[in-house]
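We're numbering straight along the sequence, starting at 1.
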Amino acid sequence: MNYKYFYQTEIGKIFIGESKNFITFITFSEENIPTDYKKKETPLIKQCIKEIYEYLEGNRKYFSIKISEEGTKFQKKVWNELKKIPYGETRSYQDIAISIGNIKASRAIGNTNNKNPIAIIIPCHRVIAKNGNLSGYAGGSSIKKFLLNLEQKHLI
């Protein structure tokens with residue numbers, strides 16, 4: 001069975017989904033939620049939001065939640081690379097393209113970031129433009145800026 005639940009946080013609503021004992025999505029928009037998810041606050045979803053709250057309070061730098069992201073082979077390769085970006089650090093789209101061995105894939109990296117199904121835990125907010133601009137973020141630029149500032153503030 002697939003379950004979903006949403007929470008109000010200081011950065012707005014966060015929607016969390018679970019399937020087969022894995023978190024399958026964390027999103028800021030109800031539009032991105034699959035229709036076959038039943039509304040229910042499961043223990044795994046509760047643990048996920050607990051970790052997100054701890055992160056938003058600056059008390060968590062790593063997540064222990066089991067995730068399962070659906071995507072193409074390329075998308076999964078990019079998302080796995082994003083998971084390697086340390087807390088409080090950023091990488092450019094070009095940096096990610098180079099690290100996956102496809103130097104010309106910067107634009108595709110941006111499109112893949114936009115399709116990231118598990119926001120915050122797969123830290124696509126840590127990817128910025130080569131010139132330092134924040135550029136796009138599926139949750140909106142104000143949330144991206146908030147998350148980056150939060151991590152800088154609690155970097156110790």
Side-chain angles (χ1 to χ4, degrees), residues 1-71 75-76 78-93 95-96 106 109-156:
M1 185 66 87
N2 301 323
Y3 300 105
K4 64 182 177 183
Y5 208 76
F6 80 90
Y7 301 87
Q8 187 63 47
T9 71
E10 63 186 292
I11 57 173
K13 286 185 180 178
I14 292 181
F15 299 86
I16 302 173
E18 172 191 343
S19 182
K20 300 177 184 165
N21 297 313
F22 289 93
I23 294 299
T24 53
F25 67 80
I26 299 173
T27 183
F28 304 104
S29 172
E30 202 165 7
E31 295 173 6
N32 300 327
I33 299 174
T35 57
D36 62 337
Y37 279 67
K38 178 182 174 184
K39 185 177 178 183
K40 180 179 179 183
E41 188 179 34
T42 67
L44 181 60
I45 290 174
K46 284 181 186 179
Q47 179 61 32
C48 184
I49 195 61
K50 177 182 180 284
E51 290 190 15
I52 289 172
Y53 283 139
E54 291 169 351
Y55 167 81
L56 292 173
E57 293 164 357
N59 297 323
R60 175 174 290 276
K61 294 179 176 58
Y62 305 97
F63 293 91
S64 67
I65 292 296
K66 298 185 304 179
I67 62 173
S68 177
E69 60 272 26
E70 290 291 322
Q75 288 171 328
K76 288 180 178 187
V78 170
W79 296 330
N80 283 329
E81 199 62 32
L82 300 183
K83 293 177 203 173
K84 297 176 187 176
I85 303 172
Y87 181 94
E89 294 186 21
T90 59
R91 299 291 184 271
S92 71
Y93 296 97
D95 292 336
I96 301 299
S106 294
I109 304 281
N111 289 333
T112 297
N113 271 8
N114 191 46
K115 292 177 176 51
N116 175 10
I118 306 176
I120 301 174
I121 293 177
I122 299 177
C124 59
H125 62 276
R126 296 180 187 152
V127 182
I128 60 174
K130 186 178 177 181
N131 65 7
N133 288 341
L134 296 186
S135 63
Y137 184 62
S141 60
S142 62
I143 293 176
K144 183 172 187 164
K145 185 175 184 177
F146 177 92
L147 296 175
L148 291 173
N149 288 339
L150 170 82
E151 290 184 11
Q152 282 301 304
K153 181 179 173 184
H154 298 284
L155 195 52
I156 301 171

With sequence neighbours left out, what residues match Lys50 under side-chain contact (heavy atoms from CB on, under 4.5 Å)? Gln47, Glu54
Looking at side-chain heavy atoms only, is the closest gap between Tyr87 and Pro123 below 4.5 Å? no
Can you name the side-chain contact (heavy atoms from CB on, under 4.5 Å) partners of Asn114, sequence neighbours left out? Ala138
With sequence neighbours left out, the residues meeting side-chain contact (heavy atoms from CB on, under 4.5 Å) with Asn111 are Arg107
Using the side-chain contact (heavy atoms from CB on, under 4.5 Å) rule, take Ile49 and Tyr5 through it: C-alpha gap first, then chi angles, then the decisive distance, then the call. CA-CA 10 Å; Ile49 195 61; Tyr5 208 76; over 6 Å; no
Check: Ile52 and Phe63 side chains under 4.5 Å, non-hydrogen atoms: yes
Are any of the side-chain nitrogens in Glu151 or Lys153 under 4.0 Å away from the carboxylate oxygens of its partner? no
Where do Glu69 and Thr24 land on the side chain to side chain donor-acceptor pair (under 3.5 Å) test, with the steps shown first? CA-CA 6 Å; Glu69 60 272 26; Thr24 53; over 6 Å; no
Applying salt bridge (charged side-chain N to carboxylate O under 4.0 Å, His left out), can you list everything that pairs with Lys46, at least two apart in sequence or on another chain? none
With rounding to the nearest 0.5 angstrom, report the CD1 to NZ distance, Ile121 to Lys83. 10.0 Å
Looking only at side-chain N and O atoms, does Tyr7 offer a donor or acceptor that is under 3.5 Å from a partner on Glu41? yes
Thr42: what forms a side-chain contact (heavy atoms from CB on, under 4.5 Å) with it, not counting sequence neighbours? Tyr3, Glu18, Lys40, Leu44, Ile45
Quick one: salt bridge (charged side-chain N to carboxylate O under 4.0 Å, His left out) partners of Lys84, sequence neighbours excluded? Glu81
